[in-house]
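Both counts, for ligands and for their atoms, begin at 1 and track the order of listing. For the numbers below, each heavy atom of this structure counts, side chains included, while hydrogens, waters and symmetry mates do not.
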Amino acid sequence: MRYDPDKLVEHFSNPPQDISLADIDLDRIPRHISCIMDGNGRWATSRGLSRTEGHKQGIVALRDVITTAVRLGVDVLSAYAFSTENWGRPQHEVNVLMHLFAKTFIDELPLLKRENVRVVFLGDISALPQKTRDVFEYGLKECEHHTGMVLALAVNYGARAELARAARTIAEQVSAGSLAVGDIDENAVAEHLYTAGLPDPELVIRTSGEMRVSNYLLWQIAYSEFYITELYWPDFDKWGMLRAIAAFQHRDRRFGGLSAE
Ligand code: FPP
């Protein structure tokens, strides 16, 4: 774990009553934390605001969560920003989101540089509008040499599409003679996923109380612990992260075996 103790303590100053830094074990922080950011729309509607305002506030929450993950020394933070099914939303909302993704990436470059964060995209970004792709390509280049936390943004991501794509690539390799059928094992499949080279999420956080996986990282979450909070994503923050990690640390992870105790 890489973290700066002074910055960490400062980041978590003035805690609320129910949680503080002292409630978690810094030696057992999940290496990969993943967020299903849900409830931007409901957050906005419940305040009489437009859904666009909800997404803008969702970005503020994401910024706090990124900084928090860096402070805690997390290796990988992933977040579900846009699913393959989200194209079915009204065209206006899709346009707003595409614009916000590009704008956010540019706006947050100073933060990503300051904190040495490398960005990777999970999903088929070739299907995004050209402008968004151009910005993503520029941003990716700007932080490709960073060596700190990996921020994996799932954009135009669907787990079934990801698995079908892996199957296609593996089949191509077999028919080209570069891979033997007998060599197709779990590692071979994992190497063809968007998350190749990244550890699986140990903790998945979903906001707004929904008990669903929504076609997210189906392969990678085989042994992930889930933390569901009723908070809408824009209300989620560093304290929510600490609560999720504290809950994670109280779980008995058996991976199909027996408890250590
Ligand atoms: C879920 O709320 C949120 C989204 C579909 C988009 C989330 C995206 C961000 C917070 C910004 C991410 C930024 C980058 C740079 C990738 P919802 O609209 O599903 O809310 P609802 O379920 O209440 O309608």
Side-chain angles (χ1 to χ4, degrees), residues 33-70 76-113 115 117-125 127-129 131-140 142-143 149-159 194 204-217 228-238 240-241:
I33 299 180
S34 196
C35 298
I36 302 180
M37 309 182 285
D38 196 13
N40 291 350
R42 277 164 286 172
W43 180 90
T45 309
S46 69
R47 285 169 171 72
L49 301 170
S50 68
R51 293 179 60 85
T52 301
E53 282 311 310
H55 294 314
K56 286 185 178 165
Q57 210 50 45
I59 288 165
V60 175
L62 181 59
R63 186 185 306 136
D64 191 18
V65 166
I66 293 171
T67 312
T68 301
V70 170
V76 182
L77 174 73
S78 53
Y80 203 4
F82 193 87
S83 73
T84 45
E85 289 72 36
N86 284 152
W87 295 108
R89 293 193 175 197
Q91 190 60 43
H92 170 72
E93 180 162 345
V94 170
N95 294 345
V96 163
L97 283 169
M98 291 300 147
H99 170 75
L100 277 179
F101 293 158
K103 178 174 160 33
T104 305
F105 202 178
I106 296 293
D107 289 350
E108 303 306 333
L109 270 178
L111 166 78
L112 302 172
K113 288 182 179 186
E115 303 295 351
V117 174
R118 187 160 66 85
V119 175
V120 298
F121 284 102
L122 312 178
D124 179 14
I125 60 169
L128 303 182
K131 259 189 176 168
T132 312
R133 278 162 57 191
D134 289 347
V135 170
F136 280 5
E137 269 158 36
Y138 169 76
L140 283 174
E142 287 291 298
C143 22
M149 187 181 80
V150 172
L151 173 63
L153 295 170
V155 179
N156 193 21
Y157 175 84
Y194 292 114
V204 176
I205 297 169
R206 180 160 190 156
T207 54
S208 90
E210 309 289 355
M211 302 283 186
R212 287 192 284 275
V213 177
S214 302
N215 200 15
Y216 187 55
L217 301 181
I228 314 282
T229 168
E230 293 296 323
L231 292 177
Y232 292 140
W233 177 256
D235 288 328
F236 192 74
D237 60 6
K238 58 183 156 192
M241 286 273 279

**Student:** With heavy atoms under 4.0 Å as the rule, classify the contact between T104 and ligand 1 as side chain, backbone, both or neither.
**Tutor:**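 Contact part for T104 vs ligand 1: side chain (C-beta onward).
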**Student:** Is any side-chain heavy atom of M98 closer than 4.5 Å to one of K131?
**Tutor:**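 Sidechains of M98 and K131: no contact.
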**Student:** Can you name the nearest heavy-atom pair linking A61 to W233, along with the distance?
**Tutor:**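 In terms of heavy atoms, the two residues are closest at CB-O, 3.4 Å.
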**Student:** What residues form a side chain to side chain donor-acceptor pair (under 3.5 Å) with S50, not counting sequence neighbours?
**Tutor:**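 With neighbours one apart ignored, the set is empty.
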**Student:** Return the residue, atom name and 0.1 Å-rounded distance of the protein heavy atom closest to atom 11 (C) of ligand 1.
**Tutor:**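 Checked against all protein heavy atoms, atom 11 (C) of ligand 1 sits closest to I59 CG1, 3.5 Å.
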**Student:** If we only consider heavy atoms of F101, is any one of them less than 4.0 Å away from an atom in ligand 1?
**Tutor:**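 Per 4.0 Å heavy-atom rule, F101 contacts ligand 1.
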**Student:** For atom 6 (C) of ligand 1, which candidate among A79, C35, A81 holds the nearest heavy atom?
**Tutor:**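 Closest candidate by heavy-atom distance is A81.
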**Student:** Do L100 and I59 have side chains that get closer than 4.5 Å, going by heavy atoms?
**Tutor:**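 They are in contact (side-chain heavy atoms under 4.5 Å apart), so the answer is yes.
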**Student:** Counting only heavy atoms not in R133, do more than 12 sit closer than 6.0 Å to its CZ atom?
**Tutor:**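 Atom CZ in R133 is packed in, count exceeds 12.
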**Student:** With heavy atoms under 4.0 Å as the rule, classify the contact between E108 and ligand 1 as side chain, backbone, both or neither.
**Tutor:**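 The answer is neither.
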**Student:** Starting from atom 9 (C) of ligand 1, find the nearest protein heavy-atom neighbour and note its residue, name and distance.
**Tutor:**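 The protein heavy atom lying closest is M37 CE, 3.9 Å.
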**Student:** Less than 3.5 Å between some nitrogen or oxygen of N86 and one of ligand 1, yes or no?
**Tutor:**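 Between N86 and ligand 1, no N or O pair is found under 3.5 Å apart.
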**Student:** Would V60 and Q57 satisfy side chain to side chain contact (heavy atoms under 4.5 Å, CB included), going step by step from the backbone distance to the final call?
**Tutor:** CA-CA 5 Å; V60 175; Q57 210 50 45; 3.9 Å; yes
**Student:** What heavy-atom pair brings F105 and V135 nearest, and what distance separates the two atoms?
**Tutor:**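 Nearest heavy atoms, F105 then V135: CD1-O, 4.3 Å.
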**Student:** May I ask you to check whether G41 has an N/O atom sitting below 3.5 Å from an N/O atom of ligand 1?
**Tutor:**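 Among all N and O atoms of G41, at least one is under 3.5 Å from an N or O of ligand 1.
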**Student:** Find all atoms of ligand 1 within a distance of less than 4.0 Å from any non-hydrogen atom belonging to G58, and give their numbers and elements.
**Tutor:**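 It comes down to these atoms of ligand 1: 10 (C).
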**Student:** Do any nitrogen or oxygen atoms of Y80 come within less than 3.5 Å of a nitrogen or oxygen of ligand 1?
**Tutor:**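 No, there is no polar N/O contact under 3.5 Å.
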**Student:** If I compare all heavy atoms of W43 with all of E53, which pair ends up nearest, and what's the gap?
**Tutor:**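 Between these two residues, the closest heavy atoms are CZ3-O, 4.2 Å.
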**Student:** Just distances here: any N/O of W233 and N/O of ligand 1 closer than 3.5 Å?
**Tutor:**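 No: no nitrogen or oxygen of W233 is under 3.5 Å from one in ligand 1.
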**Student:** Judged on heavy-atom distance to atom 10 (C) of ligand 1, which of N40, D38, I66, L62 sits nearest?
**Tutor:**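 Result: the heavy atom closest to atom 10 (C) of ligand 1 is in N40.
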**Student:** Just so I know, are the side chains of C35 and V65 near enough to count as touching, which here means a heavy-atom distance under 4.5 Å?
**Tutor:**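 Yes. Closest side-chain heavy atoms under 4.5 Å.
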**Student:** Could you tell me, atom by atom, which parts of ligand 1 come under 4.0 Å of a heavy atom of R51?
**Tutor:**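 Matching atoms, with element in brackets: 18 (O), 24 (O).
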**Student:** Measure the shortest side-chain to side-chain distance between L217 and S34 over non-hydrogen atoms and say whether it is less than 4.5 angstrom.
**Tutor:**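 Yes, close enough: below the 4.5 Å cut-off.
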**Student:** Consider every N or O of R42 and every N or O of ligand 1, then say whether any pair is closer than 3.5 Å.
**Tutor:**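 Yes, R42 has an N/O under 3.5 Å of an N/O on ligand 1.
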**Student:** Below 4.0 Å, non-hydrogen atoms only: which portion of R89 touches ligand 1? Side chain, backbone, both or neither.
**Tutor:**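 Just the side chain.
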